[in-house]
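These notes are about the structure you will find just below.
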Amino acid sequence: MTDVILTGTGLYTPPSAITNDELVTCFNIWVRAENKRNHAAIEAGENQPLPESCSAFIEKASGIRSRYVMDKEGILDPERMLPRIPERNNDEPSVQCEMAVTAAKDAFGQARLSADDIDGVIVACSNMQRPYPAVAVEVQHFLGTSGFAFDMNVACSSATFGLQVASDMIRSGSARRILMVNPEICTGHLNFRDRDSHFIFGDACTAVVLESADVARTEGWKVRGTRLWTSFSNNIRNNAGFLNRAAEEGLGARDKLFVQNGRKVFKEVCPQVAKQITEHLGDSGIPVSDVSRLWLHQANLAMNQLISKKVFGREARPEEAPVILDEYANTSSAGSVIAFHKHSQGMKAGSKGVLCSFGAGYSIGSVILEKR
Ligand code: COA
C-alpha cells in the first residue's frame with residue numbers, strides 16, 4: 001500500500017472579528033431590555049432577572065478573546081443577535097462553497113497542484129447549509145475538480161474523520177489525491193442569547209490536500225496513522241433537522257441550536273483524548289518524547305493544557321501545543337487544522353506531531369504526522 005502524504009493546507013478567515021467586550025456589550029444591552037420588559041414579573045417574584053455576561057469570565061473560563069464571523073452587524077444588533085446571511089440564487093456559489101473554494105486554492109498553492117489534479121472532494125463539517133445537493137459536489141463544480149465529492153459530519157471531529165476516510169481511499173487505490181475542506185459557519189447555530197455559550201464559537205474554513213506518495217510534488221508530512229473513537233453522549237447536542245416541521249410544538253425551542261453541558265464535556269472528554277493520543281502513539285511505535293507538536297481541537301485553553309500535560313507527563317511549552325482559540329474561538333472542525341496550518345512551518349525532517357480533534361458524539365480523531 002502506498003504512503004499517504006499531507007502536502008498542503010489552506011485557511012479562509014472571515015474579514016470581521018468580534019472582541020469579547022463587543023459581544024458582552026450587546027448581550028448586556030439585551031439583558032437590561034429583557035429585565036425591564038419583565039419588570040413586573042421580576043418584582044412579583046414570578047421571574048428571575050437575567051444575569052449579565054462578563055468579558056473577564058469568558059477569557060478566564062475559555063481562553064477566548066475574539067472570534068472571526070461571517071456577519072458582525074447582525075450578531076451585534078441587540079434586536080437581532082444572529083448573523084444575517086442572505087439567501088442566494090441557486091446559480092451562485094453558496095456561502096460555504098465560496099469559503100471552501102478560497103481555502104482549497106490556498107492549499108493547492110502549497111501542494112503545487114491545480115484543481116484538475118484532484119480525484120475527490122470531501123466537505124467535512126458540523127453544519128451543512130442544505131441537505132442536498134451535497135455542498136462538496138458544488139465545491140467540485142466551482143473548483144473544476146474531477147472524480148467524486150461527498151459531505152460528511154462528525155461535528156467538531158469532522159476534519160480528522162475526513163482525513164482518515166481520505167487516507168484510507170488513497171491507501172486502497174480508489175483515489176490518488178483528495179481535497180478535504182471544513183467550511184464552518186458556527187455562528188449560524190450559536191444561541192447568542194445564552195450567557196453560558198454565547199462566546200464560544202467563531203467562523204472559518206480550512207482545507208487539506210492528501211496525496212499518494214508516488215504523485216506528491218512537495219515533501220509535506222507523511223500520515224503515520226489515523227484513529228477514530230466515538231461514544232454516545234447528549235452533553236453536546238443540536239436538535240435542528242428536517243423533521244422539526246413535523247413536530248410544531250418544538251419549533252423555535254432552545255434545543256434547535258447548539259446546547260452543551262460544558263463542565264461535563266470538560267471532565268469526560270479530556271482523559272479520553274489523552275488516552276487516545278497516548279495509545280495511538282504507543283501502537284505506532286512512537287515514544288512521546290519524539291513528539292514535538294500537538295495540534296489540538298480549539299475549544300477551551302484549560303482543556304488543551306490538561307490534555308497536553310497528560311500526554312507529555314509535564315506542562316507543554318507554548319510551541320508544543322499551539323493555541324489559536326484566543327483569536328478564532330472554537331471553529332469546530334477547522335480548529336485543529338488552523339493550529340497545524342499556522343504552527344507547522346520550519347519544522348525539520350523527522351519531526352512528529354499529532355493533529356487531534358474532539359467534540360460532539362462524543363467523537364475523537366487523531367492523525368499522527370511526520371515531516372518528510
Ligand atoms: N459571564 C459571566 N458568568 C458566567 C457566564 C458569562 N458569560 N457564563 C456562565 N457564567 C457563570 C455561571 O452561571 C456559573 O455561575 P455559578 O457558579 O454562580 O453557578 C459560573 O459562571 C461557572 O459557569 P460554568 O458553566 O460552570 O463555567 P465553566 O468554568 O465550566 O466554563 C465553558 C464554561 C463552556 C467555557 C467550559 O465548561 C468549557 O469550555 N467546556 C468544554 C466545552 C467544549 O469543549 N465543548 C465542545 C464544544 S464543540
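In each ligand, atom 1 is the first atom listed, and ligand 1 is the first ligand listed.
Against a heavy-atom cut-off of under 4.0 Å, Ser53 is close to the following atoms of ligand 1: 1 (N), 6 (C), 7 (N). Close approach of ligand 1 to Met303 is summarised as follows: ligand atoms under 4.0 Å from at least one heavy atom of the residue are 41 (C), 44 (O).
Using a non-hydrogen distance threshold of 4.0 Å, Cys156 registers as a contact of ligand 1. For the ligand labelled ligand 1, residue Ala299 lies inside the 4.0 Å heavy-atom shell.
Here the heavy atom of the protein found nearest to atom 40 (N) of ligand 1 is Gly262 O, 3.1 Å. For atom 22 (C) of ligand 1, the closest non-hydrogen atom of the protein is Phe57 CE1, 3.9 Å. In this structure, the protein non-hydrogen atom closest to atom 31 (O) of ligand 1 is Ala61 CB, 3.7 Å. Protein heavy atom nearest atom 9 (C) of ligand 1, with residue, atom name and distance: Asp196 OD1, 3.2 Å. When hydrogens are left out, the protein atom nearest atom 32 (C) of ligand 1 is Asn300 ND2, 4.4 Å; that is the closest non-hydrogen contact.
Ligand 1 has an N or O atom lying under 3.5 Å from an N or O atom of Arg195, backbone or side chain. Residue contacts with ligand 1: Arg263 is placed with a nitrogen or oxygen under 3.5 Å of a nitrogen or oxygen of the ligand (distance criterion only). Residue Cys54 has at least one N or O atom closer than 3.5 Å to an N or O atom of ligand 1. Between Ser62 and ligand 1, a contact under 3.5 Å exists for no N or O pair.
Taking the ring centroids of Phe27 and Phe192, they lie at or beyond the 6.0 Å cut-off. Separation of the Phe340 and Trp221 ring centroids falls under the 6.0 Å cut-off.
Defined by atom type and a distance below 3.5 Å, a donor-acceptor pair is missing between the side-chain atoms of Gln298 and Tyr328. No hydrogens or angles considered: a donor-acceptor pair under 3.5 Å links the side chains of Thr187 and Asp203. Between His198 and Ser53, the side chains place a donor N or O and an acceptor N or O closer than 3.5 Å (distance only, hydrogens not considered). Of the N and O atoms on the side chains of Ser366 and Gln276, at least one donor lies less than 3.5 Å from an acceptor on the other residue. Under the 3.5 Å distance criterion, with hydrogens and angles disregarded, no donor-acceptor pair is assigned to the side chains of Thr19 and Ser66.
Taking only non-hydrogen atoms, the option from His198, Lys267, Glu52, Gln260 nearest to atom 43 (C) of ligand 1 is Gln260.
No more than 12 heavy-atom neighbours from other residues, nucleotides or ligands sit within 6.0 angstrom of OH on Tyr132.
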Would you check, one step at a time, whether the test side-chain contact (heavy atoms from CB on, under 4.5 Å) holds for Gln272 with Phe358?
CA-CA 10 Å; Gln272 195 62 44; Phe358 39 89; over 6 Å; no

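A donor-acceptor pair under 3.5 Å is formed between the side chain of Lys352 and the backbone N or O of Gly350.
Residues His280 and Ile368 form a side-chain contact, since some pair of their non-hydrogen atoms from C-beta on lies under 4.5 Å apart.
Contact annotation for atom 38 (C) of ligand 1: protein present (non-hydrogen atoms, distance under 4.0 Å). In this structure, atom 45 (N) of ligand 1 has protein heavy atoms in its sub-4.0 angstrom surroundings. Protein heavy atoms are found inside the 4.0 Å sphere centred on atom 7 (N) of ligand 1. Not a single protein heavy atom sits closer than 4.0 Å to atom 15 (O) of ligand 1.
A distance of 4.5 Å separates CG of Asp117 from CZ of Arg177, quoted to the nearest 0.5 Å.
Under 4.0 Å from ligand 1, the heavy atoms of Asn330 that appear belong solely to its side chain.
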